Peer 1: 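Here you go, one structure.
These numbers were taken from a predicted model, which means no experiment stands behind them. Heavy atoms only: backbone and side chains are in, while hydrogens, waters and symmetry mates are out.
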Amino acid sequence: MKRDITILGAGLVGSLLAIILRKRGHNVNLYERRPDMRNASISAGKSINLATSARGWKALELAGLKAEIDAIAIPMYGRYLHQQDGKTAFQPYSRHNEAIYSVSRGDLNKKLMTLAENCGVSIHFEHKCSQVDVDTNTLHFELPDQTQKTEKADLLFGADGAFSALRESYTHLNRVNCDQNYLEYGYKELTILPGKNGEWLMEKNALHIWPRGKYMLIALPNTDGTFTCTLFLPFEGPASFEKLKTEQDVHEFFDRQFADAKSLMPGLIEDFFTNPTASLVTRHISRWHYKDKSALIGDAAHAIVPFYGQGMNAGFEDCTILAGLMDKMGDDWTAILNEYEIKRKPNGNAVADLALNNFIEMRDKVTEPKFLERKKIEKELGNRFPELFVSVYEMVSFSHTPYDTAISCIQAQDSLLEKIMGRGDFFAGLANEEFSKEIKEWVKEYHSAVQQLDFGNEA
């Protein structure tokens, strides 16, 4: 049965969801508060490049965009570390040479919008939703000419980001709990330009990190030879945005902390003082849907910080899960939305925690000798015992293992790795038959301990 479906937000998740629903025969109207980014100059400076991994690719394949996006995606096979003393090191992401892919957020969003329209979706730009009457599905919009407009939705999805109007309206329902947590860090976008002939001036097939303990700079490659850089820095404190007031402050800070990157940033000062300093927030809400009338999806349901590269991937996986439930349950939207919340809410909470944990790893731990040794051992265990051990990072980035399962494996993997590293030189010990047998038994014990978890593909 065809439904008249309304989606708030024509960002990545909203546009993808519109395509999926339209391809299933539903009438879809998509409302977006911003102008059409394909025709207007949208303010720059707050876009962290996307790191597309397995979950994202599955959704793009479902939309029919995989080949087109693959052509503008750059594989990143690991972290390229830039230490303060000028030394560099490469840390592969996977034992199988797998990659996550750098994709321009704007380019992907534009392609999704165009495909949605080509499928028959109607997109209404410059419609800012200010309020939703959840029980009647009445939407209140503010238009550019200051006039008001109301629309009634048959079935409504809120894909309008962390500060979703539908999410805000849910908070006024009975017994709905919600919370938000801002990091004491902000971020600012900067740019590394290409060389004279348009070439990349650093290794293009890597995610570059300048870890500095309490803060960091990252850089992801673009197809035009540039790198989109993001500075993550406390708002306040000894090394913070509040201390970088003048051009001299910025020059001196980058000379001390990121000298090699600064030499590739002729537009550093202009970028720094032109681009906004944005906040980082994690938001939870206890209810993700209302009867058979509406549901939250993507950042509207689970806004997270960007440090695992899973924000878009998690939102896209919401869409593939919802599509699977539609295939399974037909027109029973009460059952579909109820099961969608049951399946996805624990994973939304888990990916939020994973992202926060990974911030500490990226800014601080990646240069510690003990951490580096652990990563080497993880990969060796995966190579020797592929049926028994997969690292949490590989579960998250290169599989469809539920996020909730992946995070539940962390403590067991920590115990296993601490036990192994407590035995001395792991790689030297592998030559000893008894040592190798002992390691295998420990890995088997780990495997048995986590087997009660759900390792089934989430998508």
Side-chain angles (χ1 to χ4, degrees), residues 48-61 66-83 87-105 107-108 192 194-195 198-211 216-230 260-261 264 306-314 316 354-355 358-359 361-363 365-368 371-384 386 389-401 406 413 427:
I48 299 171
N49 268 37
L50 303 169
T52 309
S53 54
R55 301 167 204 265
W57 284 118
K58 184 177 181 67
L60 290 170
E61 188 171 15
K66 186 175 185 296
E68 193 171 352
I69 299 306
D70 190 50
I72 61 169
I74 299 177
M76 300 181 294
Y77 295 99
R79 298 166 171 163
Y80 197 102
L81 305 181
H82 300 254
Q83 299 183 31
K87 293 179 181 177
T88 59
F90 180 75
Q91 295 178 357
Y93 283 133
S94 163
R95 65 186 188 277
H96 299 306
N97 202 36
E98 293 165 294
I100 59 175
Y101 290 76
S102 177
V103 180
S104 162
R105 180 183 298 270
D107 288 348
L108 177 55
I192 287 178
E199 72 275 17
W200 291 274
L201 294 180
M202 303 188 298
E203 170 56 51
K204 75 166 183 174
N205 295 121
L207 191 158
H208 293 261
I209 308 177
W210 290 258
M216 67 177 179
L217 179 72
I218 67 170
L220 280 74
N222 299 306
T223 53
D224 62 0
T226 63
F227 286 83
T228 298
C229 305
T230 310
D260 58 336
L264 306 176
F307 302 113
Y308 222 117
Q310 288 297 307
M312 178 205 69
N313 291 291
F316 277 14
L354 285 164
N358 212 46
F359 181 35
E361 179 174 311
M362 289 177 71
R363 77 181 193 214
K365 291 184 178 179
V366 289
T367 58
E368 293 178 359
F371 175 84
L372 298 176
E373 181 69 10
R374 172 180 166 138
K375 286 296 179 185
K376 291 177 184 176
I377 294 172
E378 281 183 4
K379 288 184 172 54
E380 184 62 26
L381 293 178
N383 287 328
R384 285 177 174 262
F389 183 87
V390 178
S391 72
V392 170
Y393 186 89
E394 289 175 299
M395 287 183 208
V396 171
S397 296
F398 304 122
S399 82
H400 300 283
T401 300
Q413 289 198 4
F427 291 97

Peer 1: Looking only at heavy atoms, what is the nearest atom pair of Arg55 and Phe316, with distance?
Peer 2: O-CB, 4.5 Å
Peer 1: Show, in sequence, the C-alpha distance, side-chain angles and deciding distance for Glu361 and Tyr308, and conclude whether the side-chain contact (heavy atoms from CB on, under 4.5 Å) test is met.
Peer 2: CA-CA 10 Å; Glu361 179 174 311; Tyr308 222 117; over 6 Å; no
Peer 1: Where do Ala355 and Phe307 come nearest, in terms of heavy atoms and distance?
Peer 2: O-CB, 3.4 Å
Peer 1: Between Glu61 and Gly56 (side chain of the first, backbone of the second, donor and acceptor by atom type, cut-off under 3.5 Å), is there such a pair?
Peer 2: no
Peer 1: Taking all heavy atoms of Leu108 and all of Leu60, pick out the closest pair and write down the distance.
Peer 2: CD1-CD2, 4.0 Å
Peer 1: Hey, can you tell me if Tyr101 and Trp57 have their rings parallel, tilted or perpendicular (30° and 60° cut-offs)?
Peer 2: perpendicular
Peer 1: Look at the side chain of Asn205 and the backbone N and O of Pro75, then say whether any donor-acceptor pair between them is shorter than 3.5 Å.
Peer 2: yes
Peer 1: Would you say that Tyr80 contacts Thr88 through its side chain, given a criterion of any heavy-atom pair below 4.5 Å between the two side chains?
Peer 2: yes
Peer 1: Has Lys379 got more than 12 heavy atoms of other residues, nucleotides or ligands less than 6.0 Å from its NZ?
Peer 2: yes
Peer 1: Thr226 versus Trp200: any side-chain heavy-atom pair under 4.5 Å?
Peer 2: no
Peer 1: Evaluate Ile74 against Thr223 for side-chain contact (heavy atoms from CB on, under 4.5 Å), listing each step before the verdict.
Peer 2: CA-CA 7 Å; Ile74 299 177; Thr223 53; 4.2 Å; yes
Peer 1: Between Met202 and Ile192, which heavy-atom pair has the shortest distance, and what is it?
Peer 2: CE-CD1, 3.6 Å
Peer 1: Are Glu378 and Lys375 close enough, and set up right, to give a salt bridge (Lys or Arg N to Asp or Glu O under 4.0 Å), and what steps lead you there?
Peer 2: CA-CA 5 Å; Glu378 281 183 4; Lys375 286 296 179 185; 3.6 Å; yes
Peer 1: Give the ring-plane orientation class for Phe398 versus Tyr393, where under 30° counts as parallel, over 60° as perpendicular and anything between as tilted.
Peer 2: perpendicular
Peer 1: Report yes if the side chains of Met216 and Phe359 come closer than 4.5 Å at any heavy-atom pair, otherwise no.
Peer 2: yes
Peer 1: Please check this pair: side chain of Asn313 against backbone of Ala51, looking for a donor-acceptor N/O pair closer than 3.5 Å.
Peer 2: yes
Peer 1: Calculate, to the nearest 0.5 Å, the distance between atoms CD1 and CG belonging to Ile209 and Leu217 respectively.
Peer 2: 10.0 Å
Peer 1: Are any non-hydrogen side-chain atoms of Phe227 and Leu264 less than 4.5 angstrom apart?
Peer 2: no
Peer 1: To the nearest 0.5 Å, what is the distance between CZ (Arg95) and CG (Asn383)?
Peer 2: 6.0 Å
Peer 1: Mind checking the CD1-CG spacing from Ile69 to Asp107? Nearest 0.5 Å is all I need.
Peer 2: 8.0 Å
Peer 1: Looking at Val103, Thr228, Thr230, which hits side chain to side chain contact (heavy atoms under 4.5 Å, CB included) with Asn49?
Peer 2: Thr228
Peer 1: Using the salt bridge (Lys or Arg N to Asp or Glu O under 4.0 Å) rule, take Glu380 and Lys376 through it: C-alpha gap first, then chi angles, then the decisive distance, then the call.
Peer 2: CA-CA 6 Å; Glu380 184 62 26; Lys376 291 177 184 176; over 6 Å; no
Peer 1: Working to the nearest 0.5 Å, report the span between OG of Ser53 and CE of Met76.
Peer 2: 9.5 Å
Peer 1: Could you give the distance from SG (Cys229) to CG (Leu220), rounded to the nearest 0.5 Å?
Peer 2: 9.0 Å
Peer 1: Strictly by modelled atom types, are Ser399 and Glu394 linked by a side-chain donor-acceptor pair under 3.5 Å?
Peer 2: no
Peer 1: Hey, what do you get for CD (Gln310) to CG (Leu50), rounding to the nearest 0.5 Å?
Peer 2: 11.5 Å
Peer 1: What closest approach, in Å, do Ser397 and Ile100 show between heavy atoms, and which atom pair accounts for it?
Peer 2: CB-CG2, 4.3 Å
Peer 1: Between Lys365 and Glu368, is there a salt bridge with N-O shorter than 4.0 Å?
Peer 2: no
Peer 1: Go through the steps for Trp210 and Asp260 under the test side-chain contact (heavy atoms from CB on, under 4.5 Å), then give the verdict.
Peer 2: CA-CA 10 Å; Trp210 290 258; Asp260 58 336; 2.9 Å; yes
Peer 1: Tell me if a side-chain donor or acceptor on Gln91 pairs with a main-chain N or O of Val366 at a distance below 3.5 Å.
Peer 2: yes
Peer 1: Can you find a pair of side-chain heavy atoms, one from Ile218 and one from His208, that are under 4.5 Å apart?
Peer 2: no
